[in-house]
Amino acid sequence: MGDLRSSVQVPVTVLVNGRSYTVDVEPRLLLVHLLRDVLGLTGTHIGCDTSQCGACTVLVDGKAVKSCTMLAVQADGCSVTTIEGIGSVENLHPVQEGFWEKHGLQCGFCTPGVIMAAADLLRQHPNPTDEEIREGLEGVICRCTGYQNIVRAVRYAAERMQSADGEVEVAATAGLDRGEGSQGGATS
Amino acid sequence: MIPSAFTYERVHTVDEALASLAANPEAKLIAGGHSLLPLMKMRLAAPAALVDIQAIRNLHGVREVDGQVVIGALTTHAEISAHPVVRSLLPALAEAAAQIGDLQVRNRGTIGGNLAHADPSSDLPAVALAYNATLRGLSPAGEFALPADGFFLGPLTTAMPEGAVLTEIAFDVPPAGTQSVYQKVPHPASGYAVVGVAAVIGTDENGCFNYVRIGVTGAGDVAYRAVAAEAALMGQPPTDEAIQAAAGHAAEDGVMGEDLYASADYRAHLVQVHTARAIRRALP
Ligand SMILES: Cc1cc2nc3c(=O)[nH]c(=O)nc-3n(C[C@H](O)[C@H](O)[C@H](O)COP(=O)(O)OP(=O)(O)OC[C@H]3O[C@@H](n4cnc5c(N)ncnc54)[C@H](O)[C@@H]3O)c2cc1C
Ligand code: FES
Ligand code: FES
């Protein structure tokens with residue numbers, strides 16, 4: 001019966017990484033499939049069928065959501081940020097820089113989702129304790145790292161963002177004193 | 001996995017939502033989608049139509065009116081756990097909302113969806129019972145206001161009329177001097193409550209218990225009020241023996257569930273232990 005149902009397409013307009021797209025989609029299309037299959041943004045991964053792994057995490061209107069548990073039509077009119085849009089190779093987001101510096105990944109499959117979740121975690125707790133970092137990352141599963149270096153990476157990013165005096169988006173510029181010991185000292 | 005096909009409509013008012021539900025008996029409301037979409041992806045649910053209520057603006061937010069805190073059905077778990085009014089007047093609700101799922105789930109899931117869905121392992125039913133919440137909404141027959149006590153009838157079954165929209169949840173601000181807490185044993189994989197106990201506790205000038213309301217979730221096929229434990233605690237002094245004795249009755253009002261992770265006996269034990277802990281934590 002399900003297969004006989006209407007699969008009439010409906011238009012959806014989303015702003016993804018600052019660029020506006022209007023596409024016709026089936027209502028049952030998941031946001032993660034819109035991003036990966038329609039828009040070709042394959043940095044957002046799919047790791048499970050049960051809304052648990054968080055590999056698909058993106059920011060919708062600035063908040064971390066599991067894009068496998070949201071319909072593309074629900075995102076109509078929203079602004080979406082994926083791993084492709086949070087930073088660039090020349091201008092890494094502080095969390096990306098943290099993963100680089102602290103070796104926060106091994107196979108890298110979970111990493112895009114973890115970075116997006118961490119970005120929201122730092123929005124809610126700009127100066128998190130290790131406990132808060134671990135709790136904030138409950139919605140992402142990493143099968144490689146044992147999380148230790150992920151926590152270090154997020155702590156690094158928090159310190160980096162604090163010392164940038166709130167200028168979050170510009171904190172990581174290419175060639176900037178990477179790994180040098182200044183982080184964290186500025187405000188304490 | 002991919003859900004079965006359905007038609008989709010976004011509504012902007014409660015009346016539009018009611019009309020869409022009335023026009024299509026196979027339609028379902030979708031709020032945050034964090035209970036419904038996982039079921040649809042597993043094809044355990046296959047509604048023919050979804051009516052998206054997220055854009056109904058007056059169902060969002062927290063307001064304080066006449067000794068009550070009224071929370072719009074579409075307010076998310078993240079908004080609730082961070083809200084200063086909830087944190088100061090309904091601390092057990094803030095505590096429970098902050099422990100739901102994970103950061104991403106709390107950004108999408110709503111209080112209305114949580115209560116309307118009535119998952120036996122959801123956290124918020126216990127809190128709604130302990131705070132004596134009233135669930136208000138509109139159905140084709142008009143307005144309704146249902147007390148939490150009696151709202152949860154069974155797994156995924158509530159007293160809400162057919163074709164209704166839950167619009168807001170009104171929580172009585174508990175009497176001055178009471179304390180409220182939420183105590184949870186999360187399932188290690190799913191994060192849902194194996195057992196969750198919400199307690200609102202007050203003591204008189206002699207330290208004896210003069211206000212006790214306890215809601216329990218997770219343990220059975222439906223959340224319940226631990227009436228026997230409440231009665232056993234009333235009037236007692238705040239001694240360890242009195243608390244232990246009262247908590248010993250906390251599993252009596254529920255039918256304990258059983259699964260691979262926790263047997264019925266173990267669940268009953270957890271309910272008793274965590275009821276005692278909740279009461280101790282709520283002592284001044
Ligand atoms: C990975 C994961 C972990 C989770 N962990 C927990 C947890 O630890 N504790 C917990 O309590 N919950 C947990 N949840 C569930 C989460 O809290 C859900 O968000 C919530 O139960 C449902 O809210 P929703 O807005 O997402 O509802 P939806 O999924 O949109 O809807 C659920 C049901 O309620 C109906 N409905 C929704 N809104 C209304 C309304 N206003 N009026 C009438 N009917 C309505 C819908 O038709 C549907 O049948 C988890 C979910 C996930 C995906
Ligand atoms: S793919 Fe696993 S949570 Fe989305
Ligand atoms: S780095 Fe391999 S799963 Fe996280």
Q) What heavy-atom pair brings A:Glu26 and B:Ala5 nearest, and what distance separates the two atoms? A) OE1-CB, 4.3 Å
(Q) I'd like to know which of B:Met1, B:Met40, B:Arg106 tops the heavy-atom pair count under 4.5 Å against chain A. (A) B:Met1
Q. Of the non-hydrogen atoms in B:Leu103 and A:Leu121, which two are nearest, and what is the gap between them?
A. CD1-CA, 4.0 Å
**Q.** Residues, nucleotides or ligands: over 12 heavy atoms within 6.0 Å of B:Arg280 CZ
**A.** yes
Q) Measuring heavy-atom distances to chain A, does B:Ala189 have an atom under 4.5 Å in its side chain, in its backbone, in both, or in neither? A) backbone
Q. Is the count of non-hydrogen atoms from other residues, nucleotides or ligands lying under 6.0 Å from B:Arg281 atom CZ greater than 12?
A. yes
Q | Partner chain B: residue of A:Ile141, A:Thr57, A:Leu29, A:Val140 with the largest heavy-atom pair count (under 4.5 Å) | A | A:Thr57
(Q) Are B:Pro38 and A:Thr69 packed together at the side-chain level, in the sense that at least one heavy-atom pair is separated by less than 4.5 angstrom? (A) yes
Q. In terms of heavy-atom proximity below 4.5 Å to chain A, should B:Ile30 be classed as side chain, backbone, both, or neither?
A. side chain
(Q) Looking at every non-hydrogen atom in both residues, tell me the closest pair between B:Arg10 and A:Val73 and how far apart they are. (A) NH2-O, 3.0 Å
Q) Which atom pair, heavy atoms only, marks the closest approach of A:Ser51 to B:Lys41? A) OG-NZ, 4.4 Å
(Q) Could you tell me if the side chain of A:Leu71 sits less than 4.5 Å from the side chain of B:Leu37, heavy atoms only? (A) yes
Q. Is it the case that more than 12 heavy atoms not belonging to A:Arg123 sit under 6.0 Å from its CZ atom?
A. yes
Q: Sort out for me which of A:Met70, A:Glu138, A:Gln52 touches chain B most, counting heavy-atom pairs under 4.5 Å.
A: A:Met70
Q.
Within the supplied structure, the quantity of interest is the number of heavy atoms (other residues, nucleotides, ligands) at a distance under 6.0 Å from B:Tyr266 OH; does it exceed 12?
A. no
(Q) So which atom in B:Gln104 and which in A:Gly139 form the shortest heavy-atom distance, rounded to 0.1 Å? (A) NE2-O, 3.1 Å
Q.
Please check: side-chain N/O of B:Asn107 versus main-chain N/O of A:Ala64, any donor-acceptor pairing under 3.5 Å?
A. yes
Q) Is there any salt bridge (Lys or Arg N to Asp or Glu O under 4.0 Å) pair reaching into residues 59-84 of chain A, and which pairs are they, with sequence neighbours excluded? A) A:Lys66-B:Asp102
Q) Checking A:Val10 against chain B: side chain, backbone, both or neither under 4.5 Å from a heavy atom? A) neither
Q) What residues, two or more places apart in sequence or in another chain, satisfy salt bridge (Lys or Arg N to Asp or Glu O under 4.0 Å) together with A:Arg134? A) none
(Q) Is A:Gln124 close to chain B through its backbone or its side chain, or both, or neither, when contacts mean heavy atoms under 4.5 Å? (A) side chain
